[in-house]
*Asks:* 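Quick one: the structure is below, and I'll ask about it shortly.
Quick caveat, the model's predicted, so the values are computed rather than measured.
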Amino acid sequence: MLNESFPEILSKELNKRNNPCDLKSIIIGKVAQISPIIVQIEDGKILLSEGEELEISEWFRFRCSIDSEGGLSSNVPEALKNAKSITEIHSQGGAQCQMKDAISYLAEAINTINTELLALKCNLKKGDYVSIGSLEEDDKYILLDKILTPEDSNNKEK
């Protein structure tokens with residue numbers, strides 16, 4: 001053992017760990033259908049169907065359902081704009097109240113939260129790429145997340 005080099009020793013030690021020989025890496029798939037979700041892998045040779053070979057991660061479902069009713073993206077900005085236009089007048093002395101400033105600060109905070117929540121939304125569509133992990137069961141996979149492409153980033157900025 002003294003004559004062995006460090007890489008040889010390290011290699012032997014790593015081989016002793018008994019890693020599973022069927023350990024699978026993350027797979028990149030392409031969405032072929034949305035409802036139910038069907039993902040194609042291996043250049044379309046294999047189709048994974050939601051509820052059969054493909055499970056959907058809870059985090060992914062949560063992200064996809066953000067603002068599913070459109071309440072955050074459509075109603076909130078208009079309601080905040082209306083709230084910021086309110087001008088309160090003190091009944092004694094007629095001076096303007098600080099309520100308008102308070103509403104503006106609150107509106108800014110809500111808009112920030114709204115923007116951050118909407119940024120989490122996945123908007124999965126046909127042709128999108130997704131990451132898939134293999135489960136311990138044979139032929140069972142889990143959809144982990146949508147993979148953003150440069151086109152997705154450019155569309156988000158508009």
*Asks:* What's the spacing between Glu55 CD and Ile132 CD1 if we round to 0.5 Å?
*Replies:* 12.0 Å

*Asks:* Do Val130 and Ile37 have side-chain heavy atoms sitting under 4.5 Å apart?
*Replies:* no

*Asks:* Taking all non-hydrogen atoms of both residues into account, name the closest pair between Lys121 and Ile66 and its distance.
*Replies:* CD-O, 3.2 Å

*Asks:* From Ile28 CD1 over to Ser131 OG, what is the distance, rounded to the nearest 0.5 angstrom?
*Replies:* 6.0 Å

*Asks:* Can you measure from CD1 (Ile46) to CD1 (Ile41) and round to the nearest 0.5 angstrom?
*Replies:* 4.5 Å

*Asks:* Inspect the surroundings of NZ in Lys30 and state if more than 12 heavy atoms from other residues, nucleotides or ligands are less than 6.0 Å away.
*Replies:* no

*Asks:* Considering only heavy atoms from C-beta outward, does the side chain of Val39 approach that of Tyr141 to under 4.5 Å?
*Replies:* no

*Asks:* Output the distance between atom CG (Leu54) and atom CG (Asp139), rounded to the nearest 0.5 Å.
*Replies:* 12.5 Å

*Asks:* Minimum heavy-atom separation for Lys140 and Glu52, please, with both atom names.
*Replies:* NZ-O, 2.5 Å

*Asks:* Which pair of non-hydrogen atoms, one from Gly133 and one from Ile26, has the smallest distance, and what is that distance?
*Replies:* CA-CD1, 4.1 Å

*Asks:* For Gln33, does the CD atom have more than 12 heavy-atom neighbours from other residues, nucleotides or ligands under 6.0 Å away?
*Replies:* yes

*Asks:* Distance check, rounded to the nearest 0.5 Å: Asp145 atom CG versus Cys122 atom SG?
*Replies:* 8.0 Å

*Asks:* Could you pull out the closest heavy-atom pair between Asn123 and Asp128, with the gap in Å?
*Replies:* O-OD2, 3.7 Å

*Asks:* If Ile, Leu, Val, Met, Phe, Trp and Tyr residues are connected whenever their side-chain heavy atoms lie under 4.5 Å apart, and connections chain through other members, are Ile38 and Ile142 in the same group?
*Replies:* no

*Asks:* Any donor-acceptor pair under 3.5 Å linking the side chain of Ser57 with the backbone of Phe60?
*Replies:* yes

*Asks:* Hey, what do you get for CG (Leu47) to CD (Glu53), rounding to the nearest 0.5 Å?
*Replies:* 8.5 Å

